[in-house]
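Here's the structure, in structure tokens; my notes come after.
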Amino acid sequence: MAVEIPKDSWPGSVKEVTLGATPAEGGTRSRTVTVGGETTLPFMHFEAPPPHPPAIAIEIKSRRPQDWSPLLGELWGAAMNAPAEWARQAEDADADLLVLALDIEDTVDDAVAAVQSVLQASGLPLIVWGPGQAEKDNELLVPVAEATKGERVVLGICEDKNYRTIVAAALANDHLVQARAPMDVNLSKQLNILISDMGLPLDRILMDPTTGALGYGIEYGYSVMERLRLAALQGDAMTQLPMIVTPGYEAWKTKEAKVGEGVPAAWGDWQARAIYWETLTAVALLESGADIVVLRHPESVQNVKQAIANLMTPA
Amino acid sequence: MALTGIQIYKLLPQTNCKECGLPTCLAFAMKLAAKQVELAACPYVSEESKAKLAASAAPPIRLVTLKADGHEVKAGNEVVLFRHEKTFYHKPGLFVRLKAADPDLAAKVEAIENYTVNYVGMDFTVDGFALQADGDLAAAIETVRAASKRPLILIGEPQALESGLGALAGETPLLYAADSSNWEAMADLAAQHKCALAVRGASLDELADLTEKIKAKGVEDLVLDPGLNAEGRRVNMATWLARATQIRRLALKKNFRPLGYPLITFPAEHQDGAGEAVHAAQHIAKYAGFIVLDTFAPELLYPLLVLRENIYTDPQKPIQVQPELYEINAPSPDAPVLVTTNFSITYFAVANEVEGAGLPAWLVVTDAEGMSVLTAWAAGKFDAERIAKAVKDFKVAEKVRNRTLVIPGHVAVLSGELEEELPDWEIRVGPREAVDLPAFMKQALQTA
Ligand code: B12
Ligand code: SF4
């Protein structure tokens, strides 16, 4: 029986966004990473091959984090004390991109020095997050943006309450931004509109729909991503941006990943469970449309790399 | 997929005799399409039309139920491609595969049977066993049945499977698998013993051919394995995703019966480097009905069971607990009072920490419409007024002697307003994360 395969064809498509700039393009990166460009749902090769594989970013911090799981502390060890060394090791661990999260304790000089040391240590394109507190984000990200002019760094994280200063810094220094809205199609759209109204072209915005870890709200993030991607394919311009999500951050703050003692035996081996927690959160989000996943553990990176290689090759 | 009024009209006698109580056959057809009348009201519908109408009313993906004494695992009867469109209904059954010839079979069955893990108040277990008929199947079934009453999937060639089926009278196991070489014998076996039957093929064309032939032999509870290529190896993730999606679309959008069945998967068999966990996660997200694992490991099962629960949660209503005053570790009137919301994940995060640490406490669970602390706060469902109302409604002051109320660290901003709402109480801001609650209670509150 010859089964006729139903194929979807969509009026809309996702914008391509390129992170980083090589010397020829005015930066210093050894290569750039382009994501997006999809014209159909994730990995539907029989309709249209996905133009770019999803990228994996490894998250590092400007200072040794105090609240990360001890498993990550043991793993990265002394590298956590020096962002440059941490960046080098993250590159060796097969990251496509780096996220450097600045710390609330950082001065402007600390932040700029950390970013510059990372740019020197690694040729990967860079995403820089402020500490996550509006005033401090602005205080640190503006000088960082100026010191890295032309590198096409992604500055984050823009939210509805705090995006103007970050977007202005991106505009003035040829950077990109990460726009985060809390798990809601309309809020994502709204923020993208506000940012593009300031004059930042859509191909310099990554959309962060917010996610939750496995067991802690992943289902909301999963469905919002599916809905955003469907809206993009249906032609809604303000949703046609590649999606970046943070399964590493979310998974590693769960009790399952953080705590090894005094937990039920049915949770099994701590380290293996923690890595599964991060890996499975990321894999589910790839299936629902993630273009960039930000991870923390090299073994999850390897697992997710394999999944991506697999999903990119119809066989 | 249901027929339209016009499609139904074409199946009616078109005589407009009015005996159904409606002026025309078309009017009757329209009412039938809207499910406002019963087909039986027309005495003149041909047998052929009746069969067609009945078939069109059947669910586009057949519901297949594996049964054993007291346990059932259902798959199929799904109605959407994306969970946000309605919900996914039947969680894929998670089975663990064991070998009939395994000398440690009894011990393994017992360990798997006893596995249970609690997630936000729900106990999850493995759903059943898959037995590979590489030895004496009848003896292996006896061993399994000595420790477990869960449904079975039997894997092997027809003769091997037949030897075991005598022991399973009254049950509905799943036989794996019919293919182009053995389908007649498999179909006979499934018909004779009233089993469900898995069908495997290297393409959708081949699968559709096989299901039609097998259905013609009277076996209707079919399950598809679309995961093999022409060389008999497992396809990779991209191909699996494409096939699973195509099958789901054909069933739901085209009402294509030959592929309107649930899917079975074997995540460990895909030798493409991605690993069992990653494949199983894909199968949970994308459309599997039965998943056969080769690894029994708590650290793997727990995340898979949670992922399955999350994907199959009804997106319309968050999982929630009853708002009330909960007692943890038999609190005395002097034990501290904690406040949280009625989102299940939030409630259990807090309750489990305090309970696990052996600390007695009163837990005021406010009605925040099933939202987490920050979500509810941002949505105006967890504010000073609501907390104060809960404290009054649950008569906390009558049951508790001390007047210290601990609020979540994430909503520290509420403390001022709350002091005004509850002037007799001292409002304390707790830590942000529940993990840090026991330490906070021991130090800041000096709870023994
Ligand atoms: C899942 C989610 C949703 C889901 C809802 C899930 C639900 N049923 O609650 C959906 C998608 C529907 C949603 C909607 C919204 N959300 Co929302 N959401 C989240 C998300 C991703 C996770 C929340 C979660 O489940 N956490 C897990 C639970 C267990 O955490 P928790 O309840 O806080 O409990 C922990 C602690 O508070 C503590 N704790 C709890 N109780 C107690 C008690 C005591 C005494 C102590 C000491 C500690 C303690 O222990 C727990 C474990 O550590 C967060 C972002 C994030 N990643 O955290 C945003 C987030 C909470 N949402 C946010 C917002 C703004 C919204 C919306 C208002 C957006 C909008 N305008 O539509 C809506 C509101 C809902 C509505 N109007 O209907 C914001 C809140 C921002 C803020 N600080 O005000 C957040 C932080 C996202 C963000 N960064 O912007 N959201
Ligand atoms: S009873 Fe049947 S044949 Fe007669 S009008 Fe109604 S539908 Fe038509």
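Naming: A, B, ... by sequence-line order, numbering from 1 per chain.
Relative to the ring axis of B/Phe88, B/Arg248 places its NZ or CZ within 45° and under 6.0 Å from the centre.
The two atoms that bring B/Pro92 and B/Ala288 nearest to each other are CB-O, 3.4 Å, heavy atoms only. Of all the heavy atoms in A/Leu311 and A/His45, the pair that sits closest is O-NE2, 2.7 Å. Scanning all heavy atoms of the two residues, the minimum distance from B/Gly260 to B/Ala251 falls at CA-CB, 4.1 Å.
Only the backbone of A/Glu4 comes within less than 4.5 Å of a heavy atom in chain B; its side chain stays farther off. Neither the backbone nor the side chain of A/Lys305 comes within less than 4.5 Å of any heavy atom in chain B. In this structure, chain B has no heavy atom under 4.5 Å from any part of A/Ala274. Neither the backbone nor the side chain of B/Glu309 comes within less than 4.5 Å of any heavy atom of chain A. For a residue to count as touching a neighbouring chain, one of its non-hydrogen atoms must lie under 4.5 Å from one of that chain's; by this rule B/Phe82 touches chain A with backbone and side chain alike. Looking at A/Ile275, there are no atoms closer than 4.5 Å to chain B (heavy atoms on both sides), in backbone or side chain. Using a 4.5 Å cut-off between heavy atoms, A/Pro42 touches chain B through its backbone atoms (N, CA, C, O) alone. Neither the backbone nor the side chain of B/Ala297 comes within contact range of chain A; no heavy atom of the residue lies under 4.5 Å from a heavy atom of that chain. For chain B, the nearby part of A/Leu230 is the side chain; its heavy atoms alone come within less than 4.5 Å. Both the backbone and the side chain of A/Ala307 come within contact range of chain B, with heavy atoms under 4.5 Å apart. Neither the backbone nor the side chain of A/Gln302 comes within less than 4.5 Å of any heavy atom in chain B. Only the side chain of B/Pro258 comes within contact range of chain A, with at least one heavy atom under 4.5 Å from a heavy atom of that chain. Of the atoms belonging to A/Pro6, heavy atoms from both backbone and side chain fall under 4.5 Å from chain B. Only the side chain of A/Val259 comes within less than 4.5 Å of a heavy atom of chain B; its backbone N, CA, C and O stay farther away. Interface remark: A/Thr279 contributes side-chain atoms only to the contact with chain B (heavy atom separation under 4.5 Å). At a 4.5 Å heavy-atom cutoff, the contact between A/Tyr216 and chain B is made by backbone and side-chain atoms alike. Residue contact with chain A, scored on non-hydrogen atoms closer than 4.5 Å, is absent for B/Pro315.
Using a cut-off of 4.0 Å between Lys/Arg side-chain N and Asp/Glu carboxylate O, B/Lys253 and A/Asp8 are scored as salt-bridged. A salt bridge links A/Arg229 with A/Asp291: the distance from a Lys NZ or Arg NE/NH1/NH2 to an Asp or Glu carboxylate oxygen falls below 4.0 Å. Under a 4.0 Å N-O distance rule, the pair A/Glu226/B/Lys286 qualifies as a salt bridge. Salt-bridge annotation for A/Arg273 and A/Glu256: absent, with no side-chain N of the basic residue lying under 4.0 Å from a carboxylate O of the acidic one. We find that A/Lys255 and B/Glu353 are joined by a salt bridge, their nearest charged nitrogen and carboxylate oxygen being less than 4.0 Å apart. Between A/Arg296 and A/Glu59 there is a salt bridge, with a side-chain nitrogen of the basic residue lying less than 4.0 Å from a carboxylate oxygen of the acidic one. Salt bridge present: B/Glu269 and B/Arg234 bring a charged side-chain N and a carboxylate O closer than 4.0 Å. Between A/Glu105 and A/Lys61, none of the side-chain N atoms (NZ, or NE/NH1/NH2) sits under 4.0 Å from a carboxylate O, so this pair counts as no salt bridge.
When the candidates B/Asn229, B/Thr245, B/Asp272 are compared by the number of heavy-atom contacts under 4.5 Å with chain A, B/Asp272 comes out ahead. The residue among A/Leu286, A/Thr313, A/Val263, A/Ile308 with the most heavy atom pairs within less than 4.5 Å of chain B is A/Thr313. The candidate with the highest count of non-hydrogen atom pairs below 4.5 Å against chain B, out of A/Gln306, A/Met44, A/Glu219, is A/Glu219. Highest contact tally toward chain A, considering only B/Ile284, B/Leu241, B/Leu307, B/Leu259, is held by B/Leu241 [criterion: heavy-atom pairs under 4.5 Å]. Note on A/Ala266, A/Ala272, A/Ala284: by heavy-atom pairs under 4.5 Å with chain B, the leading option is A/Ala266. Ranked by heavy-atom pairs under 4.5 Å with chain A, the list B/Val306, B/Asp205, B/Thr116, B/Leu204 is led by B/Asp205. Taking B/Val435, B/Thr313, B/Leu250, B/Asn118 one by one and counting their heavy-atom pairs under 4.5 Å with chain A, the maximum is reached by B/Leu250. Contact count versus chain A (heavy atoms, under 4.5 Å) is highest, among B/Ile311, B/Thr375, B/Val120, for B/Ile311. Ranked by heavy-atom pairs under 4.5 Å with chain A, the first of B/Pro298, B/Gly356, B/Ser203 is B/Pro298.
Within the 4.5 Å cutoff, the side chain of B/Glu78 has heavy atoms near those of the B/Tyr89 side chain. Under the 4.5 Å side-chain criterion, counting only non-hydrogen atoms from C-beta, A/Pro314 is not in contact with A/Phe43. Between B/Pro438 and B/Val354 the shortest side-chain heavy-atom distance does not fall below 4.5 Å. In this structure, the side chains of A/Ile58 and A/Asp96 stay at 4.5 Å or more apart for every pair of heavy atoms.
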Check against ring pair (Phe, Tyr, Trp, His ring centres under 6.0 Å), A/Trp267 and B/Tyr302: CA-CA 6 Å; A/Trp267 286 16; B/Tyr302 175 40; 5.2 Å; yes

Audit row: B/Thr87, B/Tyr312, side chain to side chain contact (heavy atoms under 4.5 Å, CB included) steps and yes/no: CA-CA 7 Å; B/Thr87 187; B/Tyr312 278 75; over 6 Å; no

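Side-chain N/O atoms of B/Asn310 and B/Tyr119 include a donor and acceptor closer than 3.5 Å.
Residues of residues 274-283 of chain B that come closer than 4.5 Å to chain A, counting heavy atoms only, are B/Ala274, B/Ala277, B/Val278, B/Ala281, B/Gln282, ordered by residue number.
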